Amino acid sequence: MREAVMAFIKKHRLLENNRTILAGVSGGPDSMALLHFLWSIQTDYNLRIIAVSVDHQLRGAESEADLTYVKEMCEKWNIEFYGTFVDVPSYKLTRKVGTEVAARELRYQVFSEQMKKHQASYLALGHHGDDQVETMLMGLTRTANPTALAGIPVKRRFATGLIVRPLLGVSKREIETYCEQQNIIPRRDPTNEGTEFTRNYFRNKVVPLLKIQNGNIHTTVQHLSESLQADEQYLHNEASRLFDNVITMDQMKSKATLQIDHFQSHPLALQRRFYHLILNYLYDELPKDLSYIHEEQFFALLASEKANVRIDFPRELKVEKSYQMLNFYFYFDESQSFQVNETLPVPGQLTLPDGSVISTVFSNHSSEDENTYVCCKDQIVLPLHIRTRKAGDRMRWKGLNGSKKIKDIFIDEKIPVKERDNWPLVTDNKGEILWLIGLRKGQPRKQANNTSFIKICYEKGNM
């Protein structure tokens, strides 16, 4: 085994000389073989080795004895040791997670603290080739996300350095043989023999069947894992560049918008990675009930011929198509919807719920721009009003034969459905719509040549 592990380390450049390395050690065969192996190369690499053992307090005196065993072996091999206890049962209740997740999160918290304390370059863990087979099989049964199918990485960034897994290239049987050859009598966790936990089910029921067909399955799967991870890393980097080019985020990072035709001009493989990237960006933690069904719905939405359509994702995330724009937002953003029906003083000003400001003044000239509307005082009936749309609203303007529904104007201008009920418009006291702000300027029925004008100005809010 030693030669195989050394070759694996050199191939993946897992260790450098003169470094501090922490080893996560439970007392079982895998971690004890790893610790002994590191001890055997300590002089060659000039390593400072620190064994870290965590008692999860799930097996009472047995798990406490595991920690004591590791401590005694470290004393025998003259290796620095750090042992601690974590309260998995309490953490499970607080975080509302399963036993395996709780234990892992607490264990890695300890690893991170110790790496920072010692400014360690590496955290070595005892995952082996059979673990890789189990992990990839578990991923296959849980998700259709290619990233999750890529398995355990040989190395990855963590705390002050890297997590490295030197044993991924060898099997469980090789590790057991190594322990026998080095007279290591490891501790055994009896819970590993059951099938209560998902991993144990694959370990004890599924993997043995695969090994009947291919006794070297761990090597095959490790090669597959490395190939998938390399491909995924490349596609992830390309998707990140696509993200920067096509997405627009709000300041609170709770809304995202992209232009559909621009997005669809890129290869489907990048579109799929982008989909997962944006979800990771919007969610603090990906929901457990997020599945490949949502991915299918997402791409069906993009292909839909409907101008306005929306789908619901877990935790109130909405994905909405509005013509050629795609919007991601959370439901609480919709609470900013408002209905306005206020008198607009002349002269004076009014602040709308979204922070926009409407102001009016008397003027002697009729010049106007995109954000102003000017009308003759004698053409309208005061007071003016500012409101949002009502069912059946219509308006007229110069050059239009008759009048047109406000609803149809919104459709023509491709205004997203969720924005229409908030859109402000100005009317006179008879209900004549004078200005659909930013879209259409009306033509009052009554014509006049009076040189006394009312100028209405609109300043968009930032809310």
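Keep in mind the model is a prediction, meaning the values are calculated, not measured. FYI, the numbering just counts along the sequence from 1.
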Query raised in the report: Checking Arg203 against Tyr201: charged group under 6.0 Å from the ring centre and within 45 degrees of the axis?
Result: no
Start with the C-alpha distance between Asp369 and Thr372, add both sets of side-chain angles, then the distance that settles side chain to side chain donor-acceptor pair (under 3.5 Å), and finish with yes or no.
CA-CA 5 Å; Asp369 57 29; Thr372 61; 3.1 Å; yes
Discussion item. Angle between ring planes, Phe313 versus His294, binned at 30° and 60°: parallel, tilted or perpendicular?
Written reply: tilted
* **Aromatic ring pairing Phe8/His12, orientation class (parallel under 30°, perpendicular over 60°, tilted between)** => tilted
- Message: Could you go through Phe453 and Cys375, starting from their C-alpha distance and side-chain angles, then the distance that decides it, and tell me whether this counts as side-chain contact (heavy atoms from CB on, under 4.5 Å)?
- Response: CA-CA 6 Å; Phe453 299 98; Cys375 62; over 6 Å; no
Distance-only donor-acceptor check, side chains [X] and [Y], under 3.5 Å:
X      : Y      : answer
Gln132 : Ser225 : yes
Thr360 : Lys455 : no
Tyr82  : Ser53  : no
Glu295 : His276 : yes
Asp261 : Gln259 : yes
Thr388 : Arg420 : no
Arg396 : Ser403 : no
Glu113 : Gln109 : no

Side chains of Ile437 and Leu425 in contact at under 4.5 Å (non-hydrogen atoms): no
Side-chain contact, heavy-atom cut-off 4.5 Å: Arg387 with Ile433?
yes
Presence of salt bridge, [Y] and [X], under 4.0 angstrom:
X      : Y      : answer
Arg273 : Glu238 : no
Glu320 : Lys255 : no
Lys172 : Asp30  : yes
Asp393 : Lys405 : no
Glu105 : Arg95  : yes

Smallest heavy-atom separation, Pro345 atom then Thr343 atom, equals CD-O, 3.4 Å
Is [X] reaching over with its side chain to a backbone N or O of [Y], donor-acceptor style, under 3.5 angstrom?
X      : Y      : result
Asp87  : Ser90  : yes
Glu368 : Val374 : yes
Ser240 : His236 : yes

- request: Would you check, one step at a time, whether the test side-chain contact (heavy atoms from CB on, under 4.5 Å) holds for Asp428 with Leu382?
  value: CA-CA 6 Å; Asp428 71 0; Leu382 294 176; over 6 Å; no
* Worked verdict on Ser171 versus Asp130 for side chain to side chain donor-acceptor pair (under 3.5 Å) -> CA-CA 6 Å; Ser171 68; Asp130 289 23; 4.9 Å; no
Atom pair [atom1]/[atom2] of [X] and [Y] - distance to nearest 0.5 Å:
X      : Y      : atom1 : atom2 : answer
Tyr373 : Leu436 : OH    : CG    : 12.0 Å
Leu258 : Met325 : CG    : CE    : 7.0 Å
Met395 : Lys441 : CE    : NZ    : 10.5 Å

Open item on the list: Run Gln349 and Ile358 through side-chain contact (heavy atoms from CB on, under 4.5 Å) and show every step you take.
Closed with: CA-CA 5 Å; Gln349 72 175 34; Ile358 305 286; over 6 Å; no
Exactly one candidate in Thr84, Val25, Asp66 meets side chain to side chain contact (heavy atoms under 4.5 Å, CB included) with Val54; the answer is Thr84
Tested for ring-ring contact (aromatic ring centres under 6.0 Å, His included) against Phe274, the lone hit among Tyr281, Phe299, Phe243 is Phe243
